[in-house]
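Throughout, protein chains are lettered first and strands after them, A, B, ... in sequence-line order, and every chain is numbered starting at 1.
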Amino acid sequence: MRSETAARKLTYAQAIQEALRQAMEADPGVVVIGEGVPDPKAIFGTTAGLREQFGAQRVFDMPLSENGMTGVCIGAALCGIRPVMVHQRIDFALLAMDQLVNNAAKWHYMFNGLKSVPLVVRLIVGRGWGQGPQHSQSLQALFAHIPGLKVIGPATAYDAKGMLIAAIEDNNPVLFIEHRWLHNINDVVPVDSYRTSLDKARIVHAGNIVTIAAFSYMVMEALHVAQAFAKHGIAVEVIDLRSASPLDTDTVLSSVKKTGLLIVADTARASGGITAELITRIVEQGFDHLRKPPTRIALPDHPAPTSHFLANGYYPDAVNIFEEICRIADIKLGADARAQILHDIRRINPHDVPNLAFTGPF
Amino acid sequence: MRSETAARKLTYAQAIQEALRQAMEADPGVVVIGEGVPDPKAIFGTTAGLREQFGAQRVFDMPLSENGMTGVCIGAALCGIRPVMVHQRIDFALLAMDQLVNNAAKWHYMFNGLKSVPLVVRLIVGRGWGQGPQHSQSLQALFAHIPGLKVIGPATAYDAKGMLIAAIEDNNPVLFIEHRWLHNINDVVPVDSYRTSLDKARIVHAGNIVTIAAFSYMVMEALHVAQAFAKHGIAVEVIDLRSASPLDTDTVLSSVKKTGLLIVADTARASGGITAELITRIVEQGFDHLRKPPTRIALPDHPAPTSHFLANGYYPDAVNIFEEICRIADIKLGADARAQILHDIRRINPHDVPNLAFTGPF
Amino acid sequence: MLRIRRVEEALAEKYAEQQMRCPMHLCIGQEAISVGVCATLTNQDVVFSNHRAHGHYLAKGGDLKRMIAELYGRSTGCCGGRGGSMHLVDLDVNFLGSTPIVGGTVPLAVGAAWAARLKGDDRLSVAFFGDGGVEEGVVHESMNFAALHRLPVLFVCENNNFSVYTPLKERQPNQPIYKMAEAHGLTSWHGDGNDVETVFNIARQATQAIHNQQGPQFIELSTYRWREHCGPNFDNELNYRTAEEITTGMAACPLAKSRKNILAAGTQSMDQLQQLENEIDREIAAAFEFALSSPIPTYTDAVGKVYAQ
Amino acid sequence: MLRIRRVEEALAEKYAEQQMRCPMHLCIGQEAISVGVCATLTNQDVVFSNHRAHGHYLAKGGDLKRMIAELYGRSTGCCGGRGGSMHLVDLDVNFLGSTPIVGGTVPLAVGAAWAARLKGDDRLSVAFFGDGGVEEGVVHESMNFAALHRLPVLFVCENNNFSVYTPLKERQPNQPIYKMAEAHGLTSWHGDGNDVETVFNIARQATQAIHNQQGPQFIELSTYRWREHCGPNFDNELNYRTAEEITTGMAACPLAKSRKNILAAGTQSMDQLQQLENEIDREIAAAFEFALSSPIPTYTDAVGKVYAQ
Ligand SMILES: Cc1ncc(C[n+]2csc(CCOP(=O)(O)OP(=O)(O)O)c2C)c(N)n1
Ligand SMILES: Cc1ncc(C[n+]2csc(CCOP(=O)(O)OP(=O)(O)O)c2C)c(N)n1
Ligand SMILES: [Mg+2]
Ligand SMILES: [Mg+2]
């Protein structure tokens with residue numbers, strides 16, 4: 001539910017900053033830690049001003065020790081602190097898999113519920129401007145496979161704020177995945193603190209022709225397509241999954257019962273991705289409602305190349321979603337309508353930047 | 001294809017030892033390294049005698065430094081060595097995710113094919129006798145999601161030998177997953193060196209009622225069921241997937257075209273597992289052949305508890321597979337036949353050991 | 001010490017009955033470290049430990065009954081059976097947990113110390129780990145962070161010269177471990193871990209230094225594991241250590257030494273010691289009885305508590 | 001040094017044109033380290049490097065044209081465009097690779113040294129990394145293994161006092177990095193990384209020691225990064241370092257010092273130096289021309305070579 005308090009537009013990055021600020025104001029146990037958290041760039045602005053407001057004790061830089069520092073945060077979380085840890089790239093979190101999977105995910109379970117690990121790890125997914133093989137991975141599937149972790153990926157500034165506050169207040173380890181290309185997108189964001197559920201998908205565009213369930217940044221691409229179709233009276237349903245674990249199968253299933261068709265869009269590799277899990281569950285639970293096999297819009301079977309020339313075609317976008325909708329829903333558009341939609345959804349920026357203001361280098 | 005040379009029965013563990021020995025005899029660049037490799041227990045016997053035969057230079061113990069030593073092996077692999085690295089538990093490999101995913105998987109790709117990383121990492125999956133939350137994970141899905149890695153899990157001694165030799169000769173990083181409960185199972189194994197393809201599934205029991213695609217140890221459970229059914233004239237097709245990445249969809253698809261029904265069995269958590277990827281591919285490519293939604297026999301959404309009392313029910317087994325076959329294939333057995341099959345497949349050992357000879361502690 | 005020894009001897013004896021069905025790492029021979037270190041701690045001080053945890057748990061005051069029950073996989077176990085020997089916990093005495101990933105709990109102890117700093121608590125935290133632990137990068141990362149912020153944490157390295165069957169010299173260059181801690185900026189101490197008085201004296205100075213805001217401290221204590229790495233038995237037949245080494249190692253029995261000192265000093269008489277031992281044995285027998293008469297959990301008990309509310 | 005400097009200045013100038021669309025970390029100010037160390041290596045010695053790799057690559061003899069082409073994402077780039085500035089490689093000179101995960105290539109260099117040992121090759125391998133690198137546990141694990149087996153590997157730590165905008169003192173306790181290497185059993189050296197002669201002398205002794213079977217060596221060299229952490233510009237306005245610090249840092253210019261020495265010693269005249277600079281500039285211009293006139297790859301070129309045959 002959207003909060004009813006005063007609202008104004010904020011970028012996704014500003015919304016994160018505000019969430020951190022309000023969570024820290026509400027609870028002195030909340031601390032923010034990560035490489036560069038208090039530095040002049042403030043993690044793309046998301047931690048700006050926090051050190052000034054809350055002091056060096058609670059707004060922390062850290063050594064380049066991802067596994068160790070994750071363990072430190074887990075230990076602190078066991079002792080009444082609520083750390084928010086930040087990795088400028090999700091790729092770096094691979095160094096911390098042991099602590100995340102062996103300790104954070106299992107502590108509550110293996111000690112029979114005696115203790116919990118209220119830890120949030122912000123993981124930024126890189127893309128574009130030469131973010132290459134080691135700086136642009138989308139690893140949500142790795143974490144979503146592990147029981148005990150929550151893995152969320154808000155797509156809007158509204159959700160970024162509400163879900164980050166909810167994640168910080170949650171008593172479990174929550175991996176908060178931020179796609180770099182969402183950081184500068186605006187949305188209406190209430191001024192006051194509010195919480196958005198971590199386990200509910202949301203219909204962001206209602207429709208009945210086909211269901212598109214998308215994760216993180218892919219929600220934006222899907223939304224463009226749905227809006228462009230809408231002008232022609234074609235109603236595509238877009239569901240923002242919001243969370244990769246738990247996965248809100250029910251919301252998607254209800255939609256599929258209506259549309260009979262499902263496309264799942266993700267920022268990660270298709271093979272072994274959360275797209276496969278969602279499709280499998282829909283097949284398991286809604287087989288008879290499916291008119292055609294569900295399909296995936298996701299990354300191909302290779303790492304990201306650095307050169308923008310090479311990368312031009314690597315990331316699926318609104319056009320791919322459009323074509324897939326036409327195919328699966330058997331939509332025959334007139335030449336004009338087709339041209340109009342393609343015009344509406346076609347990217348105006350160079351393909352390797354989120355917007356024209358972005359001029360590198362990181 | 002089964003090798004035609006002389007054969008005798010070996011256990012899976014002996015087959016691994018023989019594969020290592022023959023690969024080392026064939027290529028002086030092959031080295032074996034891991035915690036305990038040359039120690040008196042010799043990794044459950046799988047490295048027995050190697051140090052004596054090949055010397056301390058090529059049969060190596062190592063410090064408890066999983067990530068660093070993986071990097072060391074990658075560096076050596078770039079310089080003409082073919083390391084076989086061993087982890088006594090796959091859980092420890094989480095410490096090495098960075099090197100495996102960021103370096104090993106991507107080196108060939110990111111340097112445009114100039115170099116390759118011929119590295120084999122043996123990962124042993126623990127189970128039973130109190131192998132608890134941090135010592136019994138099945139993590140194939142994490143690796144299978146990463147392009148550039150090969151992830152295999154032979155189920156028989158025959159394949160263990162052939163696939164290990166092929167993996168060592170392969171120019172890519174291959175994760176060789178061994179389930180602890182396979183180590184003592186016998187199979188006919190040819191004396192000479194031979195290679196088994198890393199990317200082909202195998203029909204281990206032909207049938208037409210239902211397709212069961214299983215990975216690693218679950219092949220054994222499925223096979224028991226198929227054999228028990230066979231006595232009653234019911235032909236269940238069991239496919240040993242052999243590899244989680246690449247995943248041999250074609251073999252499964254052909255079978256499903258025949259049976260119209262698919263059950264996928266894995267040693268890992270169902271959610272986000274390789275079971276989901278396989279089902280999704282079959283749905284994508286064989287939707288019209290499926291008479292019912294495919295289902296999964298895999299682990300529930302929680303870690304392994306240590307107590308054998310608690311674990312009694314955690315691991316799905318032949319009985320679960322049997323029940324699922326009856327359900328999905330609508331098999332109505334007479335009371336006698338049912339009792340007979342259940343008798344045939346029911347475990348005689350305590351549920352937490354692979355066989356009666358196993359008396360702990362590890 | 002005697003209590004830990006007698007408990008583990010009882011465990012070793014009963015293990016063959018195959019009712020404790022989990023891996024078990026005995027600390028027989030190494031008891032002086034747990035006892036000497038924990039004697040310098042208060043109840044509110046926090047302890048983290050590793051796979052070889054019985055001694056740490058008991059010395060910190062952990063409940064014996066619940067430990068035995070845990071090994072038997074019963075509902076009354078300290079983890080309700082979910083953890084077994086390698087996952088012990090007792091929140092009443094701030095024994096926050098032991099887990100078997102080598103090095104895995106060391107940063108947690110640092111994190112607990114960081115939490116104490118943030119909350120202004122005067123509690124310190126302790127990480128027990130072995131000579132193998134220091135080979136894990138995460139332990140170096142932990143030391144670096146602890147030293148950087150001068151956190152109230154005590155690192156205790158039990159150097160028994162082995163990781164499973166691999167001697168130290170096949171895993172580390174010939175350099176003292178405590179020197180490494182010094183290079184990380186920690187104050188370091190080392191000594192004979194088989195002499196409980198030595199351990200106690202070092203630990204007392206180290207914990208005092210922490211309370212005096214002198215930053216994190218590192219103690220390396222040499223010791224000897226008598227039995228097999230994992231399991232109840234002696235393993236002399238494996239020949240990874242010489243008969244001579246084993247004899248010397250066992251000759252340095254911390255209990256024998258302590259008993260001799262006590263008798264020499266006359267603080268307790270032979271009779272008193274025997275009485276103590278009898279009491280301990282009775283307590284142990286009661287603990288086994290408690291465990292074996294405790295409810296047996298079923299799979300449904302294994303399903304919940306994956307996520308906290 | 002001059003060549004590296006001029007190359008990077010050219011890169012910085014052209015970066016604003018937005019045709020090199022990848023993150024780029026310049027080593028302007030730090031050139032003496034690459035040059036001094038690589039001058040002691042033979043072609044067959046192996047080098048691994050990190051995100052700030054241009055200097056290492058060029059000093060080892062890497063192909064300039066293919067480096068520039070790589071930054072422009074062209075097919076002729078040393079990775080065919082797949083890697084960009086942070087992934088350089090030139091097998092002809094055994095520059096085996098640079099990658100941007102901090103600390104990530106350090107164990108690879110150790111592995112290369114292990115391979116040399118196994119194969120009986122008399123080649124050594126070098127790992128370049130920053131002061132931030134030593135905070136990664138994997139670097140400690142690498143040092144431990146190298147020291148344990150006395151592998152022919154040279155660790156070169158370029159200490160520019162920063163990891164991005166975070167000064168050393170907020171990341172490590174006040175302890176010399178090279179002392180840590182000593183604690184790991186490595187022979188260690190340290191000195192002024194802005195003086196190419198110092199670097200060369202230290203590196204020569206260290207590589208000599210490796211060839212003399214004296215085991216792995218560790219060099220810590222202090223230096224200064226002039227420009228922003230990532231990108232072409234100066235970043236004085238960010239105020240994470242004081243104007244005074246920047247002035248002092250830049251005053252220690254390794255090129256200025258070296259030029260002064262050369263002129264004083266009379267080994268080369270002003271004219272000769274100018275001529276050298278002109279030649280370099282021509283070479284650089286040609287390299288940019290090569291890059292910009294090289295074929296542009298398309299997505300289909302990005303698809304293959306995931307697995308080796
Ligand atoms: C990360 C990791 N690697 C390997 C193991 C297997 N393992 C369990 S205990 C042990 C030995 C550890 O030696 P040390 O730290 O000296 O403790 P000790 O057993 O001597 O008390 C090993 C290698 C593990 N549990 N975790
Ligand atoms: C594992 C990892 N963590 C964080 C980063 C982000 N990062 C890139 S360069 C850098 C600074 C490294 O500092 P240092 O090693 O001193 O090298 P310098 O940039 O000073 O040359 C950081 C933190 C990374 N690339 N990899
Ligand atoms: Mg030890
Ligand atoms: Mg630096």
Side-chain angles (χ1 to χ4, degrees), chain A residues 34-43 56 60-69 71 88-89 91-96 98-99 126 128-137 269 300-315 350-353 356 358-362, chain D residues 15-16 18-25 70-75 77 79-87 99-104 130 132-138 163-167 170-172 228-233 235 237-240 296-306:
Chain A
E35 292 155 18
V37 158
D39 82 15
K41 294 283 177 77
I43 318 280
F60 237 65
D61 214 314
M62 70 177 212
L64 304 190
S65 307
E66 286 79 3
N67 203 33
M69 292 310 303
Q88 302 227 15
R89 286 290 175 270
D91 313 66
F92 309 157
L94 288 167
L95 282 152
D98 164 51
Q99 286 294 334
W129 200 276
Q131 295 293 307
Q134 295 182 336
H135 273 59
S136 61
Q137 294 171 82
R269 184 190 184 194
D301 290 337
H302 64 84
T306 298
S307 162
H308 63 101
F309 298 121
L310 289 171
N312 195 0
Y314 178 64
Y315 293 101
H351 77 91
D352 68 335
V353 291
L356 282 176
F358 191 97
T359 58
F362 193 63
Chain D
Y15 196 79
Q18 304 212 25
Q19 296 201 41
M20 285 177 272
R21 301 172 81 88
C22 66
M24 180 177 85
H25 303 77
E70 186 61 34
L71 270 76
Y72 277 95
R74 300 297 174 118
S75 301
C79 307
R82 289 185 175 188
S85 162
M86 305 197 290
H87 301 262
T99 67
I101 299 292
V102 171
V134 298
E135 291 152 21
E136 292 289 359
V138 74
S163 161
V164 194
Y165 310 117
T166 311
E170 292 189 28
R171 299 179 286 115
Q172 295 176 32
E228 58 189 338
H229 165 69
C230 178
N233 303 310
D235 63 357
E237 77 286 358
L238 291 180
N239 288 322
Y240 66 98
I296 286 176
T298 62
Y299 176 61
T300 49
D301 299 307
V303 174
K305 300 185 207 159
V306 178

#### Entry: From CA spacing to verdict: ring pair (Phe, Tyr, Trp, His ring centres under 6.0 Å), Tyr299(D), His302(A)
CA-CA 12 Å; Tyr299(D) 176 61; His302(A) 64 84; 5.6 Å; yes
### Query
Run the side-chain contact (heavy atoms from CB on, under 4.5 Å) check on Glu136(D) and Asn67(A) step by step: do they pass?
CA-CA 9 Å; Glu136(D) 292 289 359; Asn67(A) 203 33; over 6 Å; no
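Rounded to the nearest 0.5 Å, atoms NZ (Lys41(A)) and CG (Asp235(D)) are 7.5 Å apart. Rounding to the nearest 0.5 angstrom, the gap separating the OG atom in Ser75(D) from the CG atom in Leu310(A) is 7.0 Å. To the nearest 0.5 Å, the span separating CD1 on Ile296(D) from NE2 on His308(A) amounts to 7.5 Å. Taking CD from Gln18(D) and CH2 from Trp129(A), the interatomic distance works out to 4.0 Å, rounded to the nearest 0.5 Å.
Taking all atoms of both residues into account, the shortest heavy-atom contact from Leu64(A) to Glu135(D) is N-OE1, 2.8 Å. Phe309(A) approaches Pro297(D) most closely through the heavy-atom pair CB-O, 3.2 Å. Nearest heavy atoms, Gly73(D) versus Ser307(A): O-OG, 2.8 Å. The two residues Gly36(A) and Thr166(D) come nearest to each other via the heavy atoms N-OG1, 4.5 Å. In plain terms, the two heavy atoms of Pro23(D) and Gly130(A) that are nearest each other are CD-O, 3.4 Å. When all heavy atoms of Pro40(A) and Tyr165(D) are compared, the closest pair comes out as CD-CB, 3.7 Å.
Contact of Leu95(A) with chain D is made through the side chain alone, with heavy-atom distances under 4.5 Å. In this structure, chain A has a heavy atom under 4.5 Å from the backbone of Gln19(D), while its side chain stays farther away. Only the side chain of Met86(D) comes within contact range of chain A, with heavy atoms under 4.5 Å apart. For Tyr15(D), the part lying near chain A is the side chain, with the backbone staying farther off; criterion is any non-hydrogen pair under 4.5 Å.
The closest side-chain heavy-atom distance from Pro361(A) to Arg21(D) is not below 4.5 Å.
Of all the listed residues (Val164(D), Val134(D), Thr298(D)), the one sharing the greatest number of non-hydrogen pairs under 4.5 Å with chain A is Thr298(D). Ranked by heavy-atom pairs under 4.5 Å with chain D, the first of Ser65(A), Gly132(A), Ala311(A), Pro300(A) is Ser65(A).
Considering only residues two or more places apart in sequence or on other chains, Phe92(A) meets the ring-ring contact (aromatic ring centres under 6.0 Å, His included) condition with His135(A). Annotation: side chain to side chain contact (heavy atoms under 4.5 Å, CB included) contacts of His87(D) (sequence neighbours excluded): Pro133(A), Gln134(A), Thr306(A), Met110(B), Phe111(B), Cys79(D), Thr99(D), Pro100(D).
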